[in-house]
Amino acid sequence: MAVTKIAWIPIALVSLALLSAAPQENHPCRCHPREEGASGSRIDWEGYRKGGLAWHYAVEEALKIATAEKKLVFWYHVAGDLDKEGC
Amino acid sequence: MRTVTFSDAGIVKLLNDKFVCAWVNRRPDLKFKDGLYPKEWRPRGLCNGTAVTNVTAVFAAADGTILHAMPGYLDVAGFKRHLDFALKLQARLYDPAVKKEDRAGLYAKAHLSAAKEAKDENEAEAHGLLAPRLMRVADFKFGFFDGLGNVMR
């Protein structure tokens, strides 16, 4: 009986490890390639966060938040690989 | 924009306080092999709406109605001016005393008036293009301002 109880420990550890290995964004500072017209995901581009500006979600999500918080939406459109330079 | 306008404390506070910010890259596949600008180009400071840029700022009400949009680089003062325009227009259009069917007319009037008072030609033309079209965010195409010369598409 004691052995059975101890056996749960490695099972729990393995389960925790699997949970913590959930997919994560692999573009910490890059524009994520997307199809034409697709809405942007969270932007983790440090250059754009320099001033503390919070870039959040795709525009559809932004509209929902704006409705709830009684705000407007600023929707910034860019074109191209901006990792080199550009606005 | 990122190193100047979006790094300005006043702009950041205004955007975070009054707006929810979202972004979209319309052409992530577009590569700037040698940089965005020609090597021989010697910047003298970008003026508002500089056509060689590849960005457009869009301001929308929470219901998805586009209040204002402006292509190109905007300095702090320019961006603030357009933010204020959007905020004032939103307050005007969504005044409880204003009927929904009257919004398009008020929107057009505001943009035409702004076109007359615009600081530069690019800004005036942008207001002129927007005036007859009260759009939803789903209707806004990145090519909307193509006529103004945003060439980096």
Side-chain angles (χ1 to χ4, degrees), chain A residues 18-87, chain B residues 1-13 15-37 46 50 52-64 66-67 69 71-74 83 86-87 90 137-138 140-142 150 152-153:
Chain A
L18 287 172
L19 283 172
S20 64
Q24 295 178 0
E25 287 183 326
N26 59 358
H27 55 103
C29 56
R30 296 285 189 276
C31 286
H32 199 50
R34 284 175 179 274
E35 293 176 5
E36 172 79 16
S39 292
S41 61
R42 187 184 182 93
I43 187 168
D44 285 324
W45 192 0
E46 61 182 22
Y48 271 94
R49 288 194 181 279
K50 198 176 290 178
L53 190 57
W55 296 92
H56 288 289
Y57 307 92
V59 70
E60 296 81 7
E61 286 296 319
L63 289 168
K64 287 178 189 172
I65 297 169
T67 301
E69 298 184 358
K70 300 189 187 308
K71 290 183 177 181
L72 278 71
V73 167
F74 170 54
W75 192 23
Y76 192 50
H77 291 231
V78 300
D81 174 10
L82 302 187
D83 289 332
K84 280 195 171 180
E85 58 183 81
C87 287
Chain B
M1 293 289 280
R2 59 183 143 156
T3 55
V4 179
T5 307
F6 293 148
S7 294
D8 178 82
I11 293 294
V12 168
K13 184 173 189 329
L15 278 173
N16 283 340
D17 286 351
K18 304 279 186 184
F19 292 80
V20 179
C21 300
W23 73 289
V24 58
N25 191 339
R26 293 295 194 184
R27 291 283 306 278
D29 55 312
L30 188 65
K31 303 291 183 189
F32 306 124
K33 287 181 182 176
D34 300 316
L36 188 58
Y37 308 109
L46 295 172
T50 300
V52 293
T53 56
N54 56 321
V55 295
T56 298
V58 179
F59 307 95
D63 67 359
I66 290 181
L67 300 162
Y73 169 81
L74 296 167
L83 271 180
L87 284 166
Q90 191 268 349
V137 291
F140 186 82
K141 306 298 180 195
F142 196 48
N150 269 34
M152 303 306 293
R153 301 279 168 77

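Not measured: the values here are computed from a predicted model. Each chain gets a letter, A, B and so on, in the order the sequences are listed, and its residues count up from 1.
- Annotation for V137(B) and W75(A): closest pair O-CZ3, 3.5 Å, computed over non-hydrogen atoms.
- Taking all atoms of both residues into account, the shortest heavy-atom contact from K71(A) to K18(B) is CB-O, 3.3 Å.
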Taking it one step at a time, do V59(A) and V24(B) satisfy side chain to side chain contact (heavy atoms under 4.5 Å, CB included)? CA-CA 8 Å; V59(A) 70; V24(B) 58; over 6 Å; no
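- Pairing each heavy atom of F74(A) with each of F19(B), the nearest pair is N-CD2, 3.7 Å.
- Of the two parts of L67(B), only the side chain, counted from C-beta on, holds a non-hydrogen atom closer than 4.5 Å to a non-hydrogen atom of chain A.
- Across all their heavy atoms, Y76(A) and A57(B) have their closest contact at CD1-CA, 4.4 Å.
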Inset, instruction - Under the side chain to side chain contact (heavy atoms under 4.5 Å, CB included) rule, what do W23(B) and V78(A) come out as? Steps first, then yes or no, please. - result: CA-CA 8 Å; W23(B) 73 289; V78(A) 300; 4.2 Å; yes
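- A22(B) and A62(A) make their closest contact through CB-CB, 3.9 Å (heavy atoms, listed as atom of the first residue, atom of the second, distance).
- Contact tally against chain A (heavy-atom pairs below 4.5 Å) for I66(B), D63(B), D17(B): the top residue is D17(B).
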